[in-house]
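Before any comments, here is the structure.
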Amino acid sequence: MELQEGFSMSDETQNSSFFFQLKSCCLELLDLLHQPKKQSCALSQLLVLLRSSTSEAIQPLFDYTLFPLLLLLDAAVDCRSVQKRNSEEKSAILFAKNNVSDAVSEGVLQCLEELLTKCCLGSVNQMTVVLKTLTHGAMLSPSEAAEEFRGGVVKCFRTLISNIILCSDTSCSCKESFSRPPLLDIEDLKCSTVEHLEHHSYPKECLIAFLQSECASAAVGHWLSILLNIAETESSRGLRGSAKIRIEALLTLRVLVAKVGTPDALAFFLPGVVSKLARVLNVSKSMISGAAGSTEATDHAIRGLAEFLMTVLQDDSGTRDPHALVNSLPGFLSHENESPQSFMEELRHLHVKAEDRIPNPANESCVNAVIVIGELLEKQSPNISGGLGPLHVKRTRDWLEKTSVNVNSLLSNLFPHICVHPSKRIRRGLLSAVHGLLSKCSCILKESRLILLECLCYLVCDDSKDVSIPAQDFLGFLFSSNGKYVIEDDLAEIFNRLLEKLPKLVLGCEESLALASAQQLLAVIYYSGPQLVYNHLLCSPIKAAKLFDVFSLCLSEESVFAGSLGKLVVSRPSSTGYLHSLAELKVGSIKSVDQYPVINASTSDISNMRTLVQEIQYSEGQTYENYELPRMPPWFESVGSHKLYEALVGILRLVGLSLISVRSNEVPLSKVIEIPLDNLRKLVSEIRSKEYNRESWESWYTRTHSGQLLRQAGTAACILNEMLFGMSDQAINLFEKIFHKSGAKLEEKQKSYATSFGQPCQVQYHAADGSLWRTNGAENMKQHVIGCVGTILHEYIAPEIWDLPVIHETSLFLSGWKSESINKHFFHDVAALHQEMAFSQLVLIEGIGIFNMTLGEHFASSGFLCSSLYLLLENLMCSNSDVKHASDVVLRLISSTSGCSSVGHLVMLNSDYVIDSLCHQLRHLDLNPHVPDVLSAMLSCVGVTHKILPLLEEPMRSVSMELEILGRHQHPELTIHFLKAVVQIVKAAKHEAHLLPAQAESFLAYVNREASDVKKELGRDTICAGEPDNCAFFDDLDENMEQWESILLKLNDKKRYRRIVASIAISCLTAVTPLVASEKEPICLIALNIIEDGIATLEKVEEAFRLEKETKEGIEEVASLCSFYNLKDILDAADDGTDENRLLPAMNKIWPYLVVCVRNRIPVPVRRCAEVISNVVKICGGNFFSRRFHNDGSHIWKLLCSSPFKRKPNLSDEKGPILPYRSTSHTLEDPVSESSNLKTQIAVLHMIAELSQDKNSASALVLVFKKVSGIVVGIACSGVTGLWDASIDALSGLASIDPDLIWLLLADVYYSLKEGDMQPPNSIFPHLGEILPLPMSSKDYLYVQYGGQSYGFDLHFLSVENAFKKLYPEMFVILAQH
């Protein structure tokens, strides 16, 4: 007891202390009312006191605290209101005297908001008084009150409405209202302030029931109008408008609607509220800044609109006529305008009222409140009650039907645009609105169900997971519930409607609407299942053809000219013919030139058209991580975005998947694919007709339907690719990622949806987890799919399609046309046709990769790999970089699927098929002109030439025949292509040849070790010959015989492989040797490279042969010692003696052509020829070339006989024979630039230096040493500075052969130029003039007598001195060594 008394005393003391503080603040506020300019801190103290106190402490003193605050707020409103100032009741002087400052006004509002937060209104009178003051404040315009003041008034009103709690009467109508807005976002939960009022006692009067009654309809309607006008006013102010006030007004509107919460109380205001909110949403579509562009305000408007419709048009109250029962009851006709709840109360207490007629205080307060609010509305808004009667409508069935029609019209205009709004929050608000309307109003708003479901289907595919996941959950819930209506019928109707309007939207100007429609259709198909697709699209060939027509329009290249005017301007060239527009310049900086080879060409610009073509170079080993299959075709970039394409092809993938998912499918896949394949067959037939009529491509270009056939074929291939990809596991996984659902998560969501609106439902799992699209039971369809892929692939690899030219050759094109008949538009059209050809081939190649992804390992086992591998290798050398890139990617994809580590491994496993195809087509080059490209691609890009080298002997023989004179004459355009293939073959042979000596040496060491062991065993057995039991070697004679036979077999294998390498090298050399003399620079250079690699290959082959010969001798010795007669027979049979010497005979045939190459005097080939001569002489040895340099070297030395800066007139009449197949465009009189001549002479001097410095090749210059030395000394002593370094290197090398001669040649020139300064060092030495007589003229110099007369190399003393100083120490060292 004492403890309880202590607690009570403490509470009383605390309450008394709080009251004194509160009293002091209130008195100060009353004083402040009379002296508004007085500096006072009472408001701040009161605010702190209210915030630090509990609700239980403030509630008893609510009226005491509220009184001074309302007085100050009234004064603040009155002094700001223009209407009050101009009224006759008060003078302007009084207003000026009692002017309440902004700081005081805002402090009052803060205190009032905190007070209303902590305390509950207990009666209607209290609420009426507060509402009157707040109404005056809320009606102030922005010019009358500051932003903080107006926002504070709205916050106070929201706090007042939010803190109204339910009464204790369980039958009261307040139970029908919401404690807070039903669609309140998680972020806005802080706005709900009723949680801390749960422990308060119930109010004496039910304030919610008062708000729901007709007595308060005027006040509710007035506040709805005020809040909407505040939001509209801030929006109309533009950037000056306050987004915070607009947000607060719309949120307060939602709270008010939730508190009222009954259809009858709000039905009268539905047209005005809905139209105002619709205006808010319409304004937000075009505004991105200011109060009108606030995303949070728009979000509240969407949710508020849905909440209002949910309240007024909810299904459970809308299916009955609320006044039918009342009007039918006798004795109650006078209460026609009362609410149903009041009638129920009156019926329950009917006997009480009959006995006791004591007036109810609550009724009196209601009457008083109505009188006060009515007076207020008469003064402020006289139009509201001006003859309109009661603010109530009868919610009859006709009214509901008309209202639902109008609401459907409004939602159809608003919601599709909100779906594509860029703000995630707004789309999330739309999802909540759709969720609420479908859950609460699906029956009454049956006309709007379709548009709501369309919006939901679009949000299912939203980019943001915060939007898409809840949308998917709710759509899955709709499918899994046995609720109010059958959603499948609605989705079927949506499906037909969306499919019909899809082409118009894609070809229209609004891409966002097209994207929305495509994503809606995708979601409808996915959640409805494959049966919907079959019933509406695939049940007959006619409907299937209609489907392909729709998607042909959506995906076709013809739609490049559709869309907005900006796209059309960008896609067309400038009208001026020479000046690009800004839009074209921007596009040109992004697009590659390959895509638009001819942008703006005139007849005069034809010669420069090659400069517009660029090819993308891809480095070796590039992984192409950004290249995914399937991907958007290039032409669709001008139609729409990647997102639009993904949505469209997602539909096609589901269509393809439905063909194998529906078991009772009467229209099989084989019949469906025939529809798009017909477009490919038309193109093939057209090309065959062109070839049969021997029509040129230029003539074919002029046909009006050629481009249309190409576009239709490319689009058909794209459709087939996507449909087949839809049958793959990757597509199913992709859909599961898009519609990311899991069973456990779905079950939880469905349970929450089933009880969120108080209506339980039975949960059944339908299509939300994608189980309808699983094809586990359709394994029997695999063979059917494989057969269909074979049919499609047969059309894809038709040779007619791959004969289409993808690069525009201007020179060949102009040869068949007169320049007068060509204009820039024609060139642009032809270039567009080539571009479309490349696009079509690109889609076909990607289709092969997609088929491989769909079939997996069955792609190779069904024979599709063999039929398509050759085509992919061929396009690795395509002139179009995009096609080349796609071929590389598809080859890598197939390699990965087939379990190969690389493309080379894949080709090696299928090399027999590839080589057989090559050999077959090499015999018919007229029909297969692309064979050299395939061979080059396989050898260069794939990189497995050395692994399939033995298989290349037969193709090499065919290539050699084509590189002979007759072959080159028949197919001159294929020469370079064949040479590129030969380059790769000889490189592979060189690679293998460099490995042969090391392998042969290792095998020789092994044989020597084994032979040594045999000799040791034989020696031991000889010593133990008297003891037969110890002769172990002869006991194991059979085993030793088998061991040596296996060694011999290995030797024969190595010999056989060496001969193959040598044979291929000889074939390459034989094929290209005559081409060294070609006057065509590219051909000559490639041939020289092949000669160099071929000679290096033969060198290593002969080195391996010598090691094998030693190995063979070791085996023969063992066979003789051990009497292995069978081994000797095998050795004799294997020794044919045909490969002892290949290098020098080959070089003997090549040398004359190298001389001809030098005589052609083409600068670049001559320089390369000098390098080749230097290398082959080092390999073959100088002795072999000494006689050849003596006989043919004059053609080389002639290159050094004239200065590059002075031309010597050609007086000789020497002319080579003119053959009928040899072009005569190049002659010796053709001018050559000085720099080219200088580089050629430097190359020859380097050749001399390298030959003379190498001991193995120095002997080649023995017979021509004096002549070469004289020529080089003349160059070194001249004033041609560009040749000085190279000539000094050559002299240094020549000095290593005979330093005396070089010394004399230099000394002769040097001392003759310094005749007066040279004295003998001693009397015993003769004068230099006695040893070297002074030359009488320039012809008397020793270097001229040895090397011959040169032209343009005049002596320069400084050069002579520098040469002498440079070479003196080197010669001194060489002489000392000698």
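Reckoned from all heavy atoms, side chains included, excluding hydrogens, waters and symmetry mates.
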Between [X] and [Y], what is the shortest heavy-atom contact and its length?
{"X": "P997", "Y": "A993", "value": "CD-O, 3.0 Å"}
{"X": "L1305", "Y": "G1270", "value": "CD1-N, 4.1 Å"}
{"X": "A1062", "Y": "V1101", "value": "CB-CG1, 3.7 Å"}
{"X": "H1195", "Y": "V1158", "value": "O-CG1, 3.7 Å"}
{"X": "R1167", "Y": "S1236", "value": "NH1-O, 3.5 Å"}
{"X": "V1177", "Y": "A1260", "value": "CG1-CB, 4.1 Å"}

- prompt: Can you list the steps and then say if F1184 with N1148 is a side chain to side chain contact (heavy atoms under 4.5 Å, CB included)?
  reply: CA-CA 9 Å; F1184 179 79; N1148 185 47; 4.0 Å; yes
[X] side, atom [atom1]; [Y] side, atom [atom2] - distance, nearest 0.5 Å:
{"X": "I1086", "Y": "F978", "atom1": "CD1", "atom2": "CZ", "value": "13.0 Å"}
{"X": "L1075", "Y": "C1157", "atom1": "CG", "atom2": "SG", "value": "11.5 Å"}
{"X": "W1284", "Y": "C1277", "atom1": "CH2", "atom2": "SG", "value": "10.5 Å"}
{"X": "Q984", "Y": "C1068", "atom1": "CD", "atom2": "SG", "value": "11.0 Å"}
{"X": "N1175", "Y": "L1088", "atom1": "CG", "atom2": "CG", "value": "11.5 Å"}
{"X": "C1169", "Y": "I1196", "atom1": "SG", "atom2": "CD1", "value": "7.0 Å"}

Any Lys/Arg nitrogen of E1108 or R1058 sitting under 4.0 Å from an Asp/Glu carboxylate oxygen of the other?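 Answer for the salt bridge query: yes.
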### Message
For V1262, give me all partners under side chain to side chain contact (heavy atoms under 4.5 Å, CB included), at least two apart in sequence or on another chain.
### Response
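Side chain to side chain contact (heavy atoms under 4.5 Å, CB included) list for V1262, sorted by chain: S1259.
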Would you please name every residue forming a side chain to side chain contact (heavy atoms under 4.5 Å, CB included) with D1298, sequence neighbours left out?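 So D1298 forms a side chain to side chain contact (heavy atoms under 4.5 Å, CB included) with F1265, D1300, L1301.
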Close side-chain approach of [X] to [Y], heavy-atom, < 4.5 Å:
{"X": "L1051", "Y": "V1007", "answer": "no"}
{"X": "I1064", "Y": "V986", "answer": "no"}
{"X": "N1089", "Y": "K987", "answer": "no"}
{"X": "S1269", "Y": "Y1346", "answer": "no"}
{"X": "I1275", "Y": "V1280", "answer": "no"}
{"X": "N1237", "Y": "P1163", "answer": "no"}
{"X": "V1176", "Y": "W1151", "answer": "no"}
{"X": "N1160", "Y": "C1084", "answer": "no"}

* Identified side-chain contact (heavy atoms from CB on, under 4.5 Å) partner of T1097 from the options L996, I1066, V1061 ->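 Of all the options given, the one that passes is V1061.
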*Pick from I1095, V1076, V982, L1085: which one makes a side-chain contact (heavy atoms from CB on, under 4.5 Å) with I1090?*
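When I1095, V1076, V982, L1085 are each tested with I1090, the side-chain contact (heavy atoms from CB on, under 4.5 Å) holds only for V982.
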M1147 vs L1154, test: side chain to side chain contact (heavy atoms under 4.5 Å, CB included). Steps then yes/no.
CA-CA 10 Å; M1147 195 64 241; L1154 293 176; 3.7 Å; yes
Margin query: Tell me if the CD atom of E1103 is crowded by more than 12 foreign heavy atoms within 6.0 Å.
Written below: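 Atom CD in E1103 is packed in, count exceeds 12.
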Quick check on K1239: does its NZ atom have over 12 non-hydrogen neighbours (other residues, nucleotides or ligands) under 6.0 Å away?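 Open.
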Holding to salt bridge (Lys or Arg N to Asp or Glu O under 4.0 Å), I want the full list of residues that pass it with [X], two or more places apart in sequence or in another chain.
{"X": "E1092", "result": "R1168"}
{"X": "E1113", "result": "none"}
{"X": "R1056", "result": "D1053"}

Taking [X] for the side chain and [Y] for the main chain, is one N or O donor matched with an acceptor at less than 3.5 Å?
{"X": "E1102", "Y": "L1143", "result": "yes"}
{"X": "S1287", "Y": "L1283", "result": "yes"}
{"X": "S1063", "Y": "I1060", "result": "no"}
{"X": "S1292", "Y": "I1288", "result": "no"}
{"X": "H1190", "Y": "S1186", "result": "no"}
{"X": "N1191", "Y": "R1187", "result": "yes"}
{"X": "S1252", "Y": "I1248", "result": "yes"}

Kindly indicate, with the supporting measurements, whether the criterion side chain to side chain contact (heavy atoms under 4.5 Å, CB included) is fulfilled by L1199 and R1161. CA-CA 9 Å; L1199 300 174; R1161 299 288 183 91; 3.3 Å; yes
* Pairs flagged by salt bridge (charged side-chain N to carboxylate O under 4.0 Å, His left out) wherever residues 1243-1267 is involved - sequence neighbours left out ->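 For residues 1243-1267, and leaving out neighbouring residues, the salt bridge (charged side-chain N to carboxylate O under 4.0 Å, His left out) pairs sorted by first residue read K1178-E1250.
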Legend entry - Whether W1197 and F1189 hold their rings parallel, tilted or perpendicular, with breakpoints at 30° and 60°: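 Geometry flag for F1189 against W1197: parallel rings.
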| CA sep, side-chain torsions, deciding dist, call: R1059, K1054, side chain to side chain contact (heavy atoms under 4.5 Å, CB included) | CA-CA 9 Å; R1059 287 175 177 174; K1054 292 180 179 296; over 6 Å; no
